[in-house]
2 protein chains.
Amino acid sequence: MAPSVKDVAAMAGVSIGTVSNVLNRPTKVSTDTRERVERAIRELGFIPSAPARNLRTKHARVLGLIVPDIGNPFFTEVARGVEDAALEAGYGVMLCNTDQRADREDQYLRLLESQRVGGILITPARRSMKPLDRLIAGGTAIALLDNSSPSRQACSVYVDDAMGGTIAATHLQDLGHSSIMWLAGPSDIPQVAEREAGILRFANEHDMTVIRIEAEQMSAEAGDRAMGAALSNKLSATALICANDLLALGAVRALTRAGLRVPQDISIVGYDDIDFAANAAVPLTSIRQPKYELGFAAAQLILQECESSEPHAHRQIRFEPQLVIRSSTSAPHT
Amino acid sequence: MAPSVKDVAAMAGVSIGTVSNVLNRPTKVSTDTRERVERAIRELGFIPSAPARNLRTKHARVLGLIVPDIGNPFFTEVARGVEDAALEAGYGVMLCNTDQRADREDQYLRLLESQRVGGILITPARRSMKPLDRLIAGGTAIALLDNSSPSRQACSVYVDDAMGGTIAATHLQDLGHSSIMWLAGPSDIPQVAEREAGILRFANEHDMTVIRIEAEQMSAEAGDRAMGAALSNKLSATALICANDLLALGAVRALTRAGLRVPQDISIVGYDDIDFAANAAVPLTSIRQPKYELGFAAAQLILQECESSEPHAHRQIRFEPQLVIRSSTSAPHT
DNA sequence: AGGTATGCTTGAAACGTTTCAAGTCTAGTG
DNA sequence: CACTAGACTTGAAACGTTTCAAGCATACCT
């Protein structure tokens, strides 16, 4: 049905090896042969079969992108960065949402392995790298996304989360807060743990007290529930840092329901600076992460590793977060 | 490196044909042979090569998903539906954002064609189906996503947009509004045109006046700009319907900046009911679309077409939108 | 003229599956 | 006991590329 190199070769009156050369090493072919072949390709509408190509070359020009939840605008933006870098290189991106479930992650890892993808970008759903080792051994490039664990096995790209936590705490201290609440996400998420470490270290050094509460997911609903629970336990503080903006949005909802005003009664700092943070009920002060750049850089790194045959030195790229001040923070009301 | 059927066959002491049978038609194989083969597969950690398989079977167990912008929460949810349905069937999903650009759409179509994907789900960036025809001729299943154009060539899944427009206008009339503004998106987006048609028909039948303004994109920024421009042109009405929630969020921002209050000075109806609509500065009244279901149904339809060899009858699936009332609409202030 | 380097082209093997006609066994039948 | 039907297994071809050793001209050098 679809034309193959054979058809092109026949029409151009050359061997299939030559057609392949035109496709892959055009300089090795004389100008007029190449033109003849190119014309045949155009007339036939020939599009090379990736499966056939991959069968030989061992790896598909496809990247796997494994994230907890593309519904989280943070990852949506990361994905855009990945996609743009991939498309530039003629690669496709396979989208894999794990919902933080290890079984789903495994399932996708198997799928990607069977597809023989060239590289995988992953925000691991768990600490262990076990299942990745076989992939790496099999020659698949891996990059850890938004994860700083310095592995000798893979590249990684991340935003300095401890620094982000410190920036948030510093901002609140500057405003005059000395007692803050920290709305964490599930404690097994490394990014959250880092942010927490940054906050606690700063608080410790500056005599701030921190009340820790935890949401069971990184979603607005979970934030609403967790904050609601904290309020009914009479927990209070003049300021709140949330592990991400979604949580913050939920927390605002719970606070508003309880009759508290933001920032008059309580200041709130979010994390990620997703687009909606600016349009929220109270425009959110947040810690911005270079999301698109993160994805773009990760994809470039991994593409580099896929393409070059030379021994590749794994790299770590670190980005810095940045404070964005909006209306959800102010000096504590006295 | 990676083990192949050959290795499995050797270890299990059978021919490779038998291994293939175990994989694809287990019932044709005697129980103990199958067990032996399965053990070998497990011990070797054998994972079949999709490229090799696809080379024979002509089509990859992969779906292409072409959308304008995964950053739009509407499509994010649709994507989740698609992904879940695909994963259930062991298919992967290749994510393709077009940004409504025809050149990007073409590029992706070529990429997907070369990957020999089994099916493509597309929200076309333009009216023409031209470039899709070759794909269809080549045996690739196509489904139109969120697009009602009744094609004899492809399945389609959509939400009744005219009905959505009518629902929005009806709601405003019920509240007592008789002069409304309609913030449209680019006029070449079919969904927008349909919603508009629904609004205009209803307005026409009920003596409402409609002022039409247009944003050059379906984003919050574009909504902000378009609304700002309308305000400086002294356009006004007691109510506003927006082509989607993103636009509505932007419009709210522009209105707020101009000192107008929602809904006291102007009521607003959004479209899509994205999660953030509920958390917005003013919780948004909106027209809900079954986003996840839309994606899920589309993927199921196309998977069905991919898998079965029988002549496939293309189907259209229609969903109905639904009004969700929040705080952004009220009776006009007199 | 003989020799060698250079540029281009070719043909065939290999990649890892699926498919299917043909083959081997086994058990059942008359 | 000879036959046949059925159950299972095999071997080889085919899918569409890439790769590479080998071949063939042509041009250059001495």
Side-chain angles (χ1 to χ4, degrees), chain A residues 1-38 40-41 44-62 90 113-118 138-139 307 309, chain B residues 1-38 40-41 44-62 90 113-118 138-139 307 309:
Chain A
M1 185 91 276
S4 77
V5 269
K6 213 179 299 179
D7 304 309
V8 174
M11 171 174 269
V14 297
S15 74
I16 64 172
T18 300
V19 176
S20 177
N21 281 336
V22 170
L23 257 26
N24 303 301
R25 349 178 157 48
T27 61
K28 300 257 166 246
V29 179
S30 76
T31 317
D32 73 322
T33 317
R34 184 179 32 193
E35 276 164 5
R36 223 154 5 108
V37 172
E38 281 166 349
I41 288 178
L44 256 27
F46 166 73
I47 295 197
S49 157
R53 162 181 240 271
N54 300 338
L55 181 55
R56 279 290 312 202
T57 60
K58 305 294 182 189
H59 284 296
R61 300 167 75 85
V62 170
E113 185 171 359
S114 93
Q115 296 288 337
R116 305 291 195 257
V117 300
E307 300 283 70
S309 42
Chain B
M1 187 91 278
S4 77
V5 268
K6 214 179 298 176
D7 303 309
V8 174
M11 170 174 268
V14 298
S15 73
I16 64 172
T18 300
V19 176
S20 177
N21 280 337
V22 170
L23 259 23
N24 303 301
R25 353 180 154 46
T27 61
K28 298 258 168 244
V29 179
S30 76
T31 317
D32 73 322
T33 316
R34 185 178 32 189
E35 276 164 8
R36 227 161 354 115
V37 172
E38 280 168 349
I41 289 180
L44 257 26
F46 166 73
I47 296 196
S49 157
R53 161 181 241 269
N54 300 339
L55 179 55
R56 278 290 314 206
T57 60
K58 305 295 185 191
H59 284 297
R61 302 168 73 85
V62 170
E113 184 170 1
S114 90
Q115 297 287 339
R116 306 290 195 259
V117 299
E307 300 283 69
S309 43

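Just so it is clear, the model here is predicted, and its values are computed rather than measured. Order of the sequence lines fixes the chain letters, A, B, ..., with proteins taken first and strands second; residue numbering starts at 1 for each chain.
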Rounded distance [0.5 Å steps], [atom1] in [X] versus [atom2] in [Y]:
X      : Y      : atom1 : atom2 : value
B:N54  : A:S114 : CG    : OG    : 8.5 Å
B:R53  : A:Q115 : CZ    : CD    : 10.0 Å
B:E307 : B:H59  : CD    : NE2   : 11.5 Å
A:D7   : A:I16  : CG    : CD1   : 11.0 Å
B:L23  : B:T18  : CG    : OG1   : 11.5 Å

Using whole Å, report how far CG of A:D7 lies from C1' of D:dC15.
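To the nearest whole Å, that distance equals 13 Å.
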Given atom NZ of B:K28 and atom P of C:dA21, what is their separation to the nearest angstrom?
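Computing the B:K28:NZ to C:dA21:P distance gives 14 Å.
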When you measure from the side-chain N and O atoms of A:T18 to the phosphate of C:dT10, is any distance below 4.0 Å, counting only OP1 and OP2?
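The answer is yes; a side-chain N or O of A:T18 sits under 4.0 Å from OP1 or OP2.
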Does OP1 or OP2 of C:dG7 have a side-chain N or O of A:S30 closer than 4.0 Å?
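Indeed not, no polar side-chain atom of A:S30 lies that close.
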Detail all sub-3.5 Å separations between protein N/O atoms and N/O atoms belonging to nucleotides 22-24 of chain C.
none

Per-nucleotide protein contact string for nucleotides 16-21 of chain D, where B marks a base within reach and S marks sugar-phosphate only (heavy atoms under 4.0 Å, - for neither):
BBBB--
Flag, side chain of A:R116 to backbone of A:E113, donor-acceptor distance under 3.5 Å:
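Answer holds: yes.
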Between A:R36 and A:A12 (side chain of the first, backbone of the second, donor and acceptor by atom type, cut-off under 3.5 Å), is there such a pair?
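At least one qualifying donor-acceptor pair exists.
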Set of residues satisfying side chain to side chain donor-acceptor pair (under 3.5 Å) with respect to B:E38, sequence neighbours excluded
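For B:E38 there are no side chain to side chain donor-acceptor pair (under 3.5 Å) partners, ignoring immediate neighbours.
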